[in-house]
Amino acid sequence: MSIKQRHLVIGASGQIGGAIYGCALETNLETVGTWSTQPSKGLRKVDITDRGRLFKLVKEVSPHIIYATAAMPNVDRCESEPKESFRINVVGTANLVEAANRIGAIIVFISTDYLFDGIKGPYDEKDLPNPVNVYGYHKLLAEHHIATCSIDYLIVRTTVVYGWERVGKNFIMRLIHRLSQGQRLQVPCDQIGTPTYNRNLAKAILELVHRGERGVYNIVGSSSVDRYNFALTAARIFGLDGRLITPVTTEELDQKARRPLKAGLKIDKARHVLSTPLLSFEDGLQQMLNDEL
Ligand SMILES: NC(=O)c1ccc[n+]([C@@H]2O[C@H](COP(=O)([O-])OP(=O)(O)OC[C@H]3O[C@@H](n4cnc5c(N)ncnc54)[C@H](OP(=O)(O)O)[C@@H]3O)[C@@H](O)[C@H]2O)c1
């Protein structure tokens, strides 16, 4: 990645886009970021479903790399509003691909382990997707579109991303908020994944871009854990009362969208090319404790 390259982070007001944007600025990369409904200082406004304005912004910024982090990532909302999910997660992504294609930019798309059914995770990049909910299906459609569009692309699959973020809606920020108010919390003990610290993810993504990597890469934390034990570890590290956390099964939680239970991703491919170490969930939580918002 040349220092002269321009980076455009679509969705920089969100958790992952915000982490990529922050990391790019810290590295002195020329970077523009966008918001859509959450006005954010220093960022430009754009809606990826508004083709005209999107194309205008992309042409004006003329980036070499576009990070497509904008999405409708609420899994249960996608299940109850599949048309809206399709409009944002599939059509919006296709608009971004077209915008990138018009100016010859590389697209970096953030995808998920929800492409898989969760029967025998963790999964590597070559495993066959088989989504069990609308969100996973739409992310797969978006991936397929990117991969068949003759565009330069990098697809980064990740999962259970946590860390400081402005809105505070990721699992660990919500957990810290509730436990510090003395509120009880039910957490599934049968959903296994590979939690990923957002700043570690951002650093690894920028390194992949810097190295000119293309294709599909899994970037996640280096250890598997179920949600309940992840929550207990977070409570311990942040000095909160883990007794407020009750383990339940996913069936008991009665979530709108089906969840892949034995999920998570393998990182052998990324480890071969990255010098950024991918952190275990314990080290990621410890790092989060040491980091500032
Ligand atoms: N978080 C995870 O654990 C996780 C795991 C795997 C994959 N992913 C993927 O990673 C990406 C980012 O996730 P996240 O957790 O960072 O989500 P997030 O915090 O909800 O951020 C989503 C971003 O997308 C923007 N956005 C939403 N609709 C838009 C639209 N129509 N036009 C333009 N921007 C729009 C939002 O802007 P405003 O807030 O300003 O509206 C926000 O900046 C998504 O593609 C998601 O599928 C996330």
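Heavy-atom basis, side chains included; hydrogens, waters and symmetry copies ignored. Indexing begins at 1, ligand by ligand and atom by atom, following the structure's order. Model, not experiment: these values are computed from the prediction.
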>> As a check for students: among Tyr21, Tyr135, Tyr67, identify the option with a heavy atom nearest to atom 8 (N) of ligand 1.
In response: Tyr135
> For Ser40, is the nearest heavy atom under 4.0 Å from an atom of ligand 1?
Replying inline: no
> Is ligand 1 less than 4.0 angstrom away from at least one heavy atom of Phe109?
Replying inline: no
> Do Thr159 and ligand 1 have an N or O pair less than 3.5 Å apart?
Replying inline: no
> Looking at Val161, which atoms of ligand 1 are within less than 4.0 Å of one of its heavy atoms?
Replying inline: 1 (N), 2 (C), 3 (O), 4 (C)
> With atoms numbered from 1 as shown, which atoms in ligand 1 lie under 4.0 angstrom from a non-hydrogen atom of Gln38?
Replying inline: 38 (P), 39 (O), 40 (O), 41 (O)
> Which atoms of ligand 1 sit under 4.0 Å from any heavy atom of Lys169?
Replying inline: 18 (P), 19 (O), 20 (O)
>> Using a 4.0 Å cutoff against the non-hydrogen atoms of Pro73, which atoms of ligand 1 qualify?
In response: 17 (O), 20 (O), 46 (C)
>> Taking 4.0 angstrom as the limit and counting only heavy atoms of Ala70, give me the atoms of ligand 1 inside it, by number and element.
In response: 24 (O), 25 (C), 26 (N), 33 (C), 34 (N), 35 (C)
> Quick one: does Gly17 get an N or O within less than 3.5 Å of an N or O on ligand 1?
Replying inline: no
>> Under 4.0 Å from a heavy atom of Trp35: which atoms of ligand 1 are those, numbered in the order shown and with their elements?
In response: 40 (O)
> Looking only at heavy atoms of Lys139, does any of them come nearer than 4.0 Å to an atom of ligand 1?
Replying inline: yes
> Can you name the side-chain contact (heavy atoms from CB on, under 4.5 Å) partners of Ser62, sequence neighbours left out?
Replying inline: Arg6
> Which is it for Tyr162 and Phe230 under the ring-ring contact (aromatic ring centres under 6.0 Å, His included) test, yes or no, and what are the steps along the way?
Replying inline: CA-CA 11 Å; Tyr162 63 92; Phe230 182 42; 5.3 Å; yes
> Tell me the side-chain hydrogen bond (donor to acceptor under 3.5 Å, both in side chains) pairs involving residues 228-240, sequence neighbours left out?
Replying inline: Asp226-Asn229
